[in-house]
Amino acid sequence: VQAQEAESVSLPELTGPYDVGRVRLHVIDTARGETLTLDQLDDVRELPVTVYYPATPAEDAIPGPYIDSRLLAQFGQSEFVDLIANVGCHAHENAPADRTGSPYPVIVFIPGMGSMPYIHTALLEEIASHGYIVAAPTITYYAELALFPDGTIIPGVFSSGDRARRFKTFEAMQTWRADASAVLDH
């Protein structure tokens, strides 16, 4: 990350031949119940998914924000929040797909240790700039916060003291594997 001014930074320039688009999806897996809510009988597994892809944005298009302002508002006020609010990225929201090199291979990128996809924006944009579609789900209830396209925000259910339990259980690994499958099936 390179400093442009005292108050803003930009991600590294993309090295691939494609511009990058980004779309946010809401994946609902009706085949699975949600095991981490109080209403486990009626709730189904839902995931917000950010997809990066080769795109053909309009010439005057401005890239979208590094982090959605609705998510940013959940972090309160700090110098760090002020800094990431001004990070420049390369992905254009809802840009038309570039079909010249299609079909493109698909990668499902699951952020590790409860992190959210925006943290990995530079990597995800770079991969997409080389002709890949990258689907990055936020692992609902395991990530600190999950922001859905309609603005719904679901906090994680584990406190920081429960991190070891959250990430070392067989159930968590099975959930994440099934989440990746649900994203591919969408």
Side-chain angles (χ1 to χ4, degrees), residues 1-28 46-112 115-140 143-154 179-180 182-186:
V1 178
Q2 301 169 337
Q4 288 182 338
E5 300 173 11
E7 297 177 356
S8 66
V9 295
S10 62
L11 299 180
E13 290 300 318
L14 300 177
T15 63
Y18 296 99
D19 287 323
V20 175
R22 176 174 63 194
V23 64
R24 299 172 198 279
L25 305 175
H26 183 165
V27 172
I28 301 172
E46 298 185 47
L47 300 163
V49 181
T50 305
V51 179
Y52 296 85
Y53 55 93
T56 55
E59 289 199 27
D60 60 347
I62 298 171
Y66 172 70
I67 181 172
D68 190 291
S69 61
R70 298 169 294 184
L71 190 58
L72 192 62
Q74 300 298 306
F75 299 134
Q77 292 293 341
S78 71
E79 285 186 36
F80 177 71
V81 169
D82 291 342
L83 177 67
I84 64 173
N86 293 308
V87 171
C89 67
H90 304 289
H92 294 82
E93 298 291 333
N94 304 309
D98 183 332
R99 299 188 187 285
T100 60
S102 67
Y104 299 108
V106 176
I107 296 171
V108 177
F109 178 89
I110 296 186
S115 68
M116 295 173 275
Y118 84 86
I119 294 170
H120 307 281
T121 298
L123 173 64
L124 303 177
E125 289 180 341
E126 178 64 14
I127 293 169
S129 81
H130 287 275
Y132 292 84
I133 297 171
V134 185
T138 299
I139 305 301
T140 311
E144 295 299 321
L145 296 168
L147 171 66
F148 286 85
D150 69 356
T152 300
I153 295 176
I154 297 178
D179 287 347
V183 168
L184 283 173
D185 291 342
H186 187 74

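Counting all heavy atoms, side chain and backbone alike, Glu125 lies closest to Ala91 at OE2-N, 2.9 Å. Residues Met116 and Ala143 share a closest heavy-atom pair of CG-CB, 4.2 Å. Considering all non-hydrogen atoms of both residues, Pro48 and Thr140 come closest at CD-OG1, 3.4 Å. Contact detail for Pro117 and Leu124: the closest heavy-atom pair is O-CD1, 3.9 Å. When all heavy atoms of Pro12 and Ala122 are compared, the pair lying nearest together is CD-CB, 4.3 Å. Here the shortest heavy-atom pairing between Tyr53 and Asn94 reads OH-C, 3.5 Å.
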Evaluate the criterion side chain to side chain contact (heavy atoms under 4.5 Å, CB included) for residue pair Gln74 and Ile153; output intermediate values, then yes/no. CA-CA 9 Å; Gln74 300 298 306; Ile153 295 176; 3.6 Å; yes
As a quick check of understanding, evaluate side chain to side chain donor-acceptor pair (under 3.5 Å) for His130 and Thr15, giving each step before the final call. CA-CA 8 Å; His130 287 275; Thr15 63; 2.9 Å; yes
Does the side chain to side chain contact (heavy atoms under 4.5 Å, CB included) test come out yes or no for Val51 and Leu25, once each step is laid out? CA-CA 8 Å; Val51 179; Leu25 305 175; 3.7 Å; yes
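Relative ring orientation between Tyr66 and Tyr118 is described as perpendicular, the plane-to-plane angle rising above 60° on a 0-90° scale split at 30° and 60°. Between Tyr104 and Tyr18, the angle of the ring planes goes over 60°, which puts this pair in the perpendicular group of the 30/60° scheme.
With contacts defined as side-chain heavy-atom distances shorter than 4.5 Å, the pair Ile110/Pro137 qualifies. Side-chain contact between His90 and Glu13 is present, with at least one heavy-atom pair separated by less than 4.5 Å. His26 places none of its side-chain heavy atoms less than 4.5 Å from the side chain of Thr152. Side chains of Cys89 and Arg22 form a contact here, defined as non-hydrogen atoms less than 4.5 Å apart. The shortest distance between side-chain heavy atoms of Leu184 and Val108 falls below 4.5 Å.
Taking NE2 of His120 as the reference point, atom CD1 of Ile127 lies at 11.0 Å (rounded to 0.5 Å). Here the straight-line distance linking atom OG1 of Thr56 with atom NE2 of His92 works out to 10.5 Å at 0.5 Å rounding. The CG atom of Leu47 lies 5.5 Å from the CD1 atom of Ile139; values are rounded to the nearest 0.5 Å. Separation of atoms OH (Tyr132) and CZ (Phe109) is listed at 15.0 Å; rounding is to 0.5 Å. Residue Leu123 holds its CG atom at 11.0 Å from CG of Leu11, rounded to the nearest 0.5 Å.
Considering Ile67, Asp82, Leu147 in turn, Ile67 is the only one that fulfils the side-chain contact (heavy atoms from CB on, under 4.5 Å) rule with Leu72.
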